[in-house]
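Everything below concerns the one structure shown next.
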Amino acid sequence: PPVKVMTLTDSGGVTIAGAMTHTGNVEIENASPTLTFDNTTAEDTDGGRESQMDFTGLKTGGGSPAAVTMARVQGSHDGTGDDSKGKISFLTSDGSSLAERFRIHNDGKVGLGSAGLSRSELFCVRQSFTGGEELALIENTGDGNALTVQAASGTASTKVFDVKRAAGSMLTAFGDGKITTGGETSALCKAGGIHLLTGTQTGVTANTDAQDLVIESNATELGLTFAG
């Protein structure tokens with residue numbers, strides 16, 4: 001029996017059910033044009049209810065053209081609840097398979113890189129790079145600021161900027177304007193000053209908030225060296 005693949009309404013709406021191929025350009029003209037992808041499967045799984053756009057083309061294939069999918073944009077359910085939360089994913093092909101590179105979650109959180117797609121941070125870039133490649137490069141070719149990290153308000157315990165490695169913090173800027181190194185969390189310097197910590201804690205507890213520079217080291221390490 002015939003299968004209905006397209007329905008035209010008297011208001012100008014078009015509904016396509018199933019596969020349909022069109023050669024040429026497609027234009028939607030309206031005061032507020034909308035293209036809707038309707039997944040008819042009822043499910044609450046994470047990544048379910050998916051709809052997608054594939055970007056395909058023909059490679060030469062040594063003289064025999066072959067269709068390949070180079071990229072994909074996919075919208076799907078975010079989480080496992082009985083709700084309407086959604087996420088959008090961007091996938092690209094590395095020449096052998098499609099992989100997700102970029103994701104926007106229902107709460108506006110953004111993940112970039114295969115290891116940063118599902119994180120608690122508002123914006124996360126996480127990927128394993130080798131061979132001297134930078135994970136991220138921020139460069140201003142003009143005379144303005146290349147990067148500004150700013151908190152609307154902060155206290156001595158607010159970390160405005162924190163550089164870490166596996167062992168812990170290396171450099172931290174706090175909301176009260178103090179900067180520390182070596183994982184020090186109780187800066188002995190004044191606002192705008194620097195507290196350098198090397199080695200282990202030495203037990204210094206006095207805090208007059210009067211020093212611009214504090215250098216703290218254990219008994220077996222030299223706290224400051226001048227070399228020329």
Side-chain angles (χ1 to χ4, degrees), residues 1-139 141:
V3 177
K4 182 174 66 175
V5 296
M6 184 171 67
T7 302
L8 301 177
T9 66
D10 55 5
S11 60
V14 179
T15 301
I16 300 174
M20 181 177 178
T21 302
H22 170 72
T23 301
N25 297 326
V26 176
E27 179 179 343
I28 302 175
E29 183 177 342
N30 198 306
S32 180
T34 301
L35 180 63
T36 301
F37 297 88
D38 189 6
N39 186 319
T40 58
T41 302
E43 57 182 335
D44 297 326
T45 57
D46 185 44
R49 310 179 203 158
E50 69 278 8
S51 298
Q52 62 197 37
M53 291 190 298
D54 282 356
F55 300 87
T56 64
L58 296 176
K59 66 177 183 177
T60 58
S64 300
V68 293
T69 301
M70 299 166 290
R72 173 178 297 166
V73 179
Q74 182 183 83
S76 63
H77 183 226
D78 196 2
T80 57
D82 183 11
D83 51 42
S84 59
K85 293 180 179 179
K87 60 187 174 185
I88 186 167
S89 303
F90 297 83
L91 299 81
T92 61
S93 172
D94 61 1
S96 58
S97 62
L98 286 170
E100 188 177 4
R101 316 293 183 186
F102 180 67
R103 181 188 299 174
I104 305 174
H105 288 272
N106 73 87
D107 53 3
K109 293 178 179 177
V110 176
L112 180 63
S114 60
L117 297 175
S118 295
R119 299 283 296 178
S120 59
E121 299 85 2
L122 180 61
F123 180 67
C124 177
V125 181
R126 194 176 188 207
Q127 182 71 40
S128 176
F129 278 122
T130 57
E133 295 179 329
E134 296 87 358
L135 182 61
L137 173 63
I138 301 175
E139 180 180 1
T141 58

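Taking OG1 from T80 and CG from D83, the interatomic distance works out to 8.5 Å, rounded to the nearest 0.5 Å. One finds the CZ atom of F37 at 5.5 Å from the CE atom of M53 (value rounded to the nearest 0.5 Å). One distance of note links CD of E50 with OG of S76; it measures 7.0 Å at 0.5 Å rounding. To the nearest 0.5 angstrom, K109 atom NZ is 8.0 Å from E121 atom CD. Between the OG atom of S128 and the CG atom of L135 there is a distance of 9.5 Å, given to the nearest 0.5 Å.
Of the possible polar contacts, one joining the H105 side chain to the L117 backbone as a donor-acceptor pair under 3.5 Å is found. The backbone N or O of S114 lies less than 3.5 Å from a partner atom in the side chain of Q127, making a donor-acceptor pair. Side chain of D46 to backbone of G79: a donor-acceptor contact under 3.5 angstrom is found. Judged purely by atom type and a 3.5 angstrom limit, D78 uses its side chain to pair as donor or acceptor with the backbone of N106.
Among Q74, R72, M70, the one residue that satisfies the side-chain contact (heavy atoms from CB on, under 4.5 Å) test with D54 is R72. Here the rule is side-chain hydrogen bond (donor to acceptor under 3.5 Å, both in side chains) with R49, and of N39, D44, T41 only D44 fits it.
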**Request:** Mind running side-chain hydrogen bond (donor to acceptor under 3.5 Å, both in side chains) on S118 and R103 for me, showing each step along the way?
**Result:** CA-CA 8 Å; S118 295; R103 181 188 299 174; 2.7 Å; yes
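Side-chain contact between L122 and V110 is absent, with no heavy-atom pair separated by less than 4.5 Å. Using a 4.5 Å heavy-atom threshold, the side chains of T69 and L98 count as touching. Considering only heavy atoms from C-beta on, T92 stays 4.5 Å or farther from E100 through its side chain.
Side-chain polar atoms of D94 and S96 form a donor-acceptor pair below 3.5 angstrom. In summary, the side chains of E43 and T45 do present a donor paired with an acceptor at a separation below 3.5 Å, with no hydrogens or angles considered.
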